[in-house]
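So the structure is just underneath, and the comments pick up after that.
No experiment lies behind these values; they were computed from the predicted model shown. Convention: sequence-line order gives letters A, B, ...; per-chain numbering from 1.
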Amino acid sequence: MARFVAGRLLAVIPLLLLVSVLTFGLVQLSSADPALARLGSSATPEAIAEIHRELGIDRPAVAQYWSWLTHAVRGDLGVSWVNGRDVMESLKQRLPPTLSLLSGGILIAVLVGVTAGLLAAVRAGRVSDRFISLGATAGQAVPNFWLAILLVTAFAVDRAWFPATGYVGPTTNVGQWLKGITLPAISMGLAAAAAFTRQSRSAAIGVLGQPHVRTAFAKGLTRGEVIRRHVLRNAGVPIITLVGFQASSLLGGSIIVERVFAIPGIGSLATESVVQKDMPTVLAIVMLTALTVSVVSVATDLMYAWLNPRVRLR
Amino acid sequence: MRNASRPRPSTNVTRRGVSTLLVTALAASLGAALLAAPSEAVTKTTRKAAKTTKAPATTAAPASTAAPTTTAAPAATATATKPTGTLRIGTFGDLVTFDPARGQVLTQTAYYAIPYDSLLRRDAKGNVVAGLVTKWERPDSTTWRLTLRADVKFHDGETFDAAALKANIERSKSVAGNPSAGLFARIVSATPTADGKLDVKFSRPNPSFPTEMTNLAFAPISPKVLGGDVRRNPVGTGGWIFDAKATQEGVKYVFTANPNYWDKANQGVERIEVSALPDNNARFNALRTGQIDMMDALLASQINEAKSAGLQSTASDGQLIQFFVGDRNGTLVPALAKTEVRQAMQFGIDRASYVKAILEGNGDASAGLWAPSSTWYNPQNAQLYKYNPDKAKDLLRKAGYPNGFEMSIPSFATTRLANEAFAQMMGSIGIKVNIVQVQPGTAGAEFRARKFPVVYAPISVDDPNTFWGQWLARDSGWNPFGADTSVIDALNARGESLDSDAARKAVYSDLEQAVLDDGDSLVVAHTSRLAAYSSKVKGDPFIYRGDLFVRPQGIRLG
């Protein structure tokens, strides 16, 4: 197991290197100028050149990349080209809100999706199954930003049940934290819940037809016991795979949702940085995202083994 | 301040209906467990606000710049009371730097106006009044003599005096890449006098200096920190001191009342929190739900909604909407070298339709350079070049372009509508305008790099001399093609040499007409910068002409 984990994590290193090269190249292709973000469109060519000199972007691209890489491997991600803020500090500050939304979104997606999927599976072919399947299709079709706007209008602006914007950390006030992430997490989680519903329904229907499940029923176990002990565990492998996929997908979706709810997370930082061609911040965010996706992937593999003893990690 | 129009009840009814359906559907499926108890404080604030709909503030009266020798009463007029409460501001952009010599003052107003003071201020009518400078006079045509307040200290206890202001001016001149460099370019020297005044010497007469001194680019910083890092350390003379410990950079910036502030009467709040809320709807929602007390960059389309939610709004109508023609030599587009062609473009602009369709009624259709509330407004010039497509086509024919010609204009998301409207209007007289997408915020730079002949350029300038210096002069940044400006330069020189605004107005009217006849600036309209605030904000907040946002001096919380 330890060798497996170490091997997978080591494989992340060349991946990160490749991602950093691609990101650097793509940002270089952008014609945006961080000097203009600082100086405005009235900036003189001399002023722009001065900022370029200050930031070191008057050097060849290879020299710029090498400089970034040699600092990054030592944990120095540099400072923002636009506001001079330490990038590592920005990430530390922006990560908790995004992780809160991500975990809240996944939790809602799994709870709502798996419950609805199992319900549809045990009532397969009936009206309730069709109703749930229809709901899942609709859920997948609804864009999360649109849902976010509707939710904020209905529950924050019109009724003030939840805050319309902002984020309060759990260490500051747990109640405010929960209230603050509820609507964004629902916005992110409901579309993902639809995917979980379809996946868990299909997996559960497959397991319910297996001989060992029929045997379990024949032994006199209740439907709840059968589902808990036999169906859920066996159907869990594809669901866990989906958690991995959806975590990456929700991370992307957080960009829009954070903007609608004015949550100062990684997503909103990414938007601002890309628009302003703030290379150190963009690179750091992409690296962090790639690392997160890789770690989630390893964690998913570990979960496989835990859920299904036939899977052996090497 | 332009009156807000009537609310649109049908919109609210529809939204309410949708939200009610959502409540029913989602509340049932998600379960009560997810729904935490309602925020009582927020609910109360919102409902209280909804009950107190107030009429918007009145339109600012014409502004005036200073006479050659001017002594103005101090800006402070209110009675000093202990500052109380927390003013929470939502602004569209994050802080880039606290250093006015390194940041765009216009977009950073919400941050700079709190720890810093401008040398001069404006009153609600737009007149320039005393601030840190109590008297400003011209001992000769190129020198301004400034008398400074004697009771002002910086946040670190340093004294504000002529030497401190001299150090600030010299530093602002020397910082390479200062976005406000144009304001300092003509300053030759700053010399303290024996009696504690400061003589600011210019390379040529600068009648605009009093107006320029209302700009926060001149905000003095403690000489002790001038040589260090000002980016995160705003040690000014302003009414509120930056609280770095309570601040979360990129999220919320906190300031607390300066106990030694010289202008206690205008220091109404104890604490100010500024949050960066880039999304316009999110910022508006935060205001409507009582999470913030004031917001900037209110959209014209939000005025009615703000009013029906019990919010108030204020506006400064100092924004000029124009398409600026740079290629007057015909370098990129030979047709533009002909004056008749540029005049044809003037006649081809349907200003009234533009205001209605693009500005949603928030503007005054005008061909003139100055807004109706400006000192320099000339109604005759505003009526020049009324929409007349037949005359436009006739001029094109006379210029030798009966079938029109083709040109390009840079555009990005936020300027797309304006550029599309321009292309449509020009298309109706036979000029094909190709809209070329550029990176957001770079249209001006692309124009200045001589890649485009014309650019959409909304600006806030309310002084002919400043407009000339920044946009029209032969060597200005916005004349990248080096177009001949001898007539305009001569008129400006005449204006600079005159002593009073009244005398200058006649000359500057001629200058305005010359600019319009030459087709340099294709003016479409004058519009407003809008801000909104909740009913608990008192003190009739207003936006300085040329600023983007309300300055906090004078604001109290009720």
Side-chain angles (χ1 to χ4, degrees), chain A residues 30-33 35-51 53-54 82-85 89-90 93-94 108 112 135 149-167 175 178-179 182 186 259-262 264 268-269 271-272 275-277, chain B residues 15-16 18-20 22-23 26 29-30 34-39 42-43 46 90 94-97 102-104 106-107 176-179 181-182 231-232 248-251 275-279 281-283 285-286 288-292 438-445 448-449 457 470 477-478:
Chain A
S30 161
S31 63
D33 191 336
L36 289 174
R38 275 204 206 177
L39 303 173
S41 57
S42 294
T44 61
E46 295 76 28
I48 292 171
E50 176 59 31
I51 298 291
R53 261 193 302 278
E54 183 188 321
V82 175
N83 54 37
R85 208 169 287 154
E89 287 303 313
S90 291
Q93 186 192 61
R94 300 287 191 127
I108 286 168
V112 175
I149 291 169
L150 288 185
L151 288 174
V152 79
T153 304
F155 298 107
V157 175
D158 287 352
R159 286 174 183 77
W161 291 359
F162 297 93
T165 60
Y167 172 82
L178 278 172
K179 283 177 75 174
T182 299
I186 292 172
R259 195 168 174 87
V260 172
F261 288 94
S268 50
L269 183 65
T271 317
E272 294 151 22
V275 168
Q276 296 169 332
K277 198 179 175 180
Chain B
R15 201 190 62 232
R16 190 85 186 178
V18 170
S19 66
T20 305
L22 268 166
V23 172
L26 289 176
S29 62
L30 297 176
L34 275 174
L35 303 176
S39 163
V42 171
T43 310
T46 311
D94 193 7
L95 175 79
V96 173
T97 167
R102 296 182 195 277
Q104 293 180 68
L106 181 67
T107 58
N178 183 348
R231 290 166 198 248
R232 296 288 177 268
Q248 288 176 276
E249 283 204 34
V251 181
S275 302
L277 303 170
D279 186 82
N281 286 320
R283 198 164 62 254
N285 286 337
R288 291 182 65 186
T289 57
Q291 289 185 288
I292 57 172
V438 297
Q439 284 293 322
T442 63
R448 288 151 62 95
Q470 292 182 1
W478 293 92

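Proximity to chain A (any heavy atom under 4.5 Å) is shown, for B:Asn285, by both the backbone and the side chain. With a 4.5 angstrom heavy-atom cutoff, A:Arg94 touches chain B only via side-chain atoms. Contact of A:Glu272 with chain B is made through the side chain alone, with heavy-atom distances under 4.5 Å. Of the atoms belonging to A:Val152, it is side-chain heavy atoms, and not backbone ones, that fall under 4.5 Å from chain B.
The aromatic rings of A:Phe155 and A:Trp161 sit tilted, their planes meeting at an angle between 30° and 60°.
Every residue two or more places apart in sequence or in another chain that forms a side-chain contact (heavy atoms from CB on, under 4.5 Å) with B:Arg232 is listed here: A:Asn83, A:Arg85, B:Leu95, B:Glu249. Remark: A:Glu54 pairs with A:Arg38, B:Arg231 by the side-chain hydrogen bond (donor to acceptor under 3.5 Å, both in side chains) rule, at least two apart or across chains.
No donor-acceptor pair under 3.5 Å is formed between the side chain of B:Gln104 and the backbone N or O of B:Pro179. A donor-acceptor contact shorter than 3.5 Å is absent between the side chain of B:Gln470 and the backbone of B:Gly182.
When each of B:Asp279, B:Thr107, B:Asp94 is checked for heavy-atom pairs under 4.5 Å with chain A, B:Asp279 comes out on top.
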